[in-house]
A.B. asks: 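Can you keep this structure in mind? I'll have questions shortly.
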2 protein chains.
Amino acid sequence: MKPSPVTLKQLAQALGLSVSTVSRALRGRPEIAPATQQAVRQLAQQLDYQPNQLAQSLVHSATKTLGVVVPDLGYHFYAAVLYSIEQAAAQAGYSVLVAQSHESQALEAAGVQNLLRAQVEGLLVALARDTTDYAHLHRLIERQVPLVFFDRHADGLPATAVVVDNQAAACQATQHLLASGRRRIAFLAGPPTLHLSNQRLAGYHQALAQAGLPPPPGYVRHVDYTAQTASREALALWQLPHPPDALLTVSDRVAYPAMHALRRAGARIPEQVALVSFNNEPACEYMTPSLSSVAQPLAQIGQAAVALLLAQIKAPKPTLPQRVVLATELVVRASSGGEMG
Amino acid sequence: MKPSPVTLKQLAQALGLSVSTVSRALRGRPEIAPATQQAVRQLAQQLDYQPNQLAQSLVHSATKTLGVVVPDLGYHFYAAVLYSIEQAAAQAGYSVLVAQSHESQALEAAGVQNLLRAQVEGLLVALARDTTDYAHLHRLIERQVPLVFFDRHADGLPATAVVVDNQAAACQATQHLLASGRRRIAFLAGPPTLHLSNQRLAGYHQALAQAGLPPPPGYVRHVDYTAQTASREALALWQLPHPPDALLTVSDRVAYPAMHALRRAGARIPEQVALVSFNNEPACEYMTPSLSSVAQPLAQIGQAAVALLLAQIKAPKPTLPQRVVLATELVVRASSGGEMG
DNA sequence: ATGAAAGCGCTAACAC
DNA sequence: GTGTTAGCGCTTTCAT
């Protein structure tokens, strides 16, 4: 079943005009007689004519379509950024084609491939966790495909990226914990392959170093974002001979089960262990205690990424890669509120 | 900057062949001499030739693209279903174009329009809350555009839909509350324009009627899914002369702030008020107390919707509308656990 | 086994 | 003002 088989040719025949006249009339070109305009418009409306964008795109070699590659739409962060990407794109008259990498480098490469075949005018990508070989992305750059990374970017690649200063954010979060009197601060990090996690780890170390407090051995643990490892590692920390009095986690997804496990193990939060996390998902506010978290500028990330991509698309010459660093905001809630207990 | 300006013609010229031969070789047609195949393949690889899907689509009048229209990707439910839609589509060799209605009928109609212009082969849609006039959808059906509704469907429209039995699910949830000894059960519903909410309301009424317990006046309250109205109405219920001993909410988004407000007001959950909600978002498990919620079969919804849509696309004749009703599962947690306090 | 030509639906350069 | 022609990149008869 074809969507709409009404074509310019059919309109032309029905009206006894040529296709080009009909085409011009529909686009309101001034050279067409008002009477003709009228007639064409009316019939088009009546037959519910829809221009075939495929054909238009082929002629103009511009599809008015952007491609987005994200690891996983089940993560609130990516869904929320896609929200603002779609919105910004729509406002600019662009459509959005999405592909998920499911954290796999192979799927990511395949997704990029598919989007390119679909002739997207540019690509917005957040890297898969598994992506270590950047060949498929390098090709894009060589081919001068308009490209903007967001959130998870490839540090070595000469490409535009919209990011937050993860290190500074983690440093700030750690300093906040230090300021409330915490001295034994642990960190539940993501997989070591995750750049973003390493940056946060660096910020954590930075703050501790500045305070002259190196983390005790075993105070940094890597988890894979599953509830299982998160709660296991949180408990392991709690059961240390000298347990931490504060815990920074790489993501709310990790913080929820960690906090849950700690509470079940009898830890009083924030009195015995303060918690600060990243992402500030909507549910943070409703946790018990409410969860302190570093808010990402979700809307801004999407808007900036789309704006930068459109700029690249419109630019006559290849543009210089730039790094846009957006501000985060530490939202302090009960899980790290008040002084030490 | 064009993605990849390498065309069949260029390959043909470089090899001293005709475009048709190159085209055939690339597609591995048997009539092409092995040597030629070889040569063509190699050059294509070397030049990183990418077929222009636009042109292919134009010839075949098939874009291998599906359109999805959802109210809001910030809602976990829609993001999660899009997750499975994209996955199922990708497995079938289809791409996914997304549009958001932002709960507005006008934007929904515009989104559909845009997707059609982009020549999507079919549409997956969850209606906007504001959609009361189905004209734009009726046109799709008349034009026999392959179409599958999910979650929020138009009851009067002769179209295929993938849904859950909201009434039965709400009935079951209410019965669960009754079984634990609750007798004064209130319901925080969504806007009265929301079909899905009305169905759940019906299920609630059904269970109460069966138990011979009509809800006290004022026990059904409509909220607009904002935290503000949710907590306000929950409090209003709690401050009634005869407050409820159980609360059913139309969505987790409503349940979180409602539960939060109740606890701040001193209500002990589940002893004084039991809570059951809908959607079973990941955070439910980590609420205090953990939140009982009706789980939607997210993956199945996406998979079924895509399967039904592809079936329509492939069918030579228009297919009969069908309603696929998927099973929900009440996940009982602490917020409604145990007998009455 | 390969090439020439037509056409998918549309726009644009060039007549008249 | 309007029609004719060519062409976007590809596939597909139809020849040879």
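Lettering of chains follows the sequences in order, A, B, ..., and the numbering in each one begins at 1.
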A.B. asks: Is any side-chain N or O of B/Ser23 closer than 4.0 Å to OP1 or OP2 of D/dC10?
C.D. replies: no

A.B. asks: Should the heavy atoms of other residues, nucleotides or ligands under 6.0 Å from CD of B/Gln113 be counted, would the total exceed 12?
C.D. replies: yes

A.B. asks: Any luck finding a side-chain donor-acceptor pair between A/Gln303 and A/Gln87 under 3.5 Å?
C.D. replies: no

A.B. asks: Polar atoms only, N or O, under 3.5 Å: list the protein pairs with nucleotides 6-9 of chain D and their distances.
C.D. replies:
none

A.B. asks: Check whether any side-chain heavy atom of B/Leu124 lies under 4.5 Å from a side-chain heavy atom of B/Val96, and answer yes or no.
C.D. replies: no

A.B. asks: Using ring centroids (six-membered ring only for Trp), state whether A/Tyr83 and A/His76 fall under 6.0 Å.
C.D. replies: no

A.B. asks: Any N/O pairs under 3.5 Å between the protein and nucleotides 1-4 of chain D? List them or say none.
C.D. replies:
unit_1: D/dT2; atom_1: OP1; unit_2: A/Thr36; atom_2: OG1; d: 2.8
unit_1: D/dT2; atom_1: OP2; unit_2: A/Ala33; atom_2: N; d: 3.0
unit_1: D/dT2; atom_1: OP2; unit_2: A/Thr36; atom_2: OG1; d: 3.0
unit_1: D/dG3; atom_1: OP2; unit_2: A/Ser18; atom_2: N; d: 2.9
unit_1: D/dG3; atom_1: OP2; unit_2: A/Ser18; atom_2: OG; d: 3.1
unit_1: D/dG3; atom_1: OP2; unit_2: A/Thr21; atom_2: OG1; d: 2.6
unit_1: D/dG3; atom_1: N7; unit_2: A/Arg24; atom_2: NH2; d: 2.8
unit_1: D/dG3; atom_1: O6; unit_2: A/Arg24; atom_2: NH1; d: 3.2
unit_1: D/dG3; atom_1: O6; unit_2: A/Arg24; atom_2: NH2; d: 3.1
unit_1: D/dT4; atom_1: O4; unit_2: A/Ser20; atom_2: OG; d: 3.2

A.B. asks: Is it the case that atom CD in B/Glu31 sees more than 12 heavy atoms from other parts of the structure closer than 6.0 Å?
C.D. replies: yes

A.B. asks: If I take atom CD in residue B/Gln13 and atom P in nucleotide C/dA4, what distance separates them, rounded to the nearest angstrom?
C.D. replies: 12 Å

A.B. asks: Quiz question: by atom type and distance under 3.5 Å, do the side chains of B/Thr131 and B/Glu108 form a donor-acceptor pair?
C.D. replies: yes

A.B. asks: Are a donor atom and an acceptor atom from the side chains of A/Tyr78 and A/Gln100 found within less than 3.5 Å of each other?
C.D. replies: no

A.B. asks: Do B/Arg323 and B/Asp155 have side chains that get closer than 4.5 Å, going by heavy atoms?
C.D. replies: yes

A.B. asks: Is any side-chain nitrogen or oxygen of A/Arg27 closer than 4.0 Å to OP1 or OP2 of C/dA12?
C.D. replies: yes

A.B. asks: To the nearest Å, give me how far apart CG (B/Leu11) and P (C/dG3) are.
C.D. replies: 14 Å

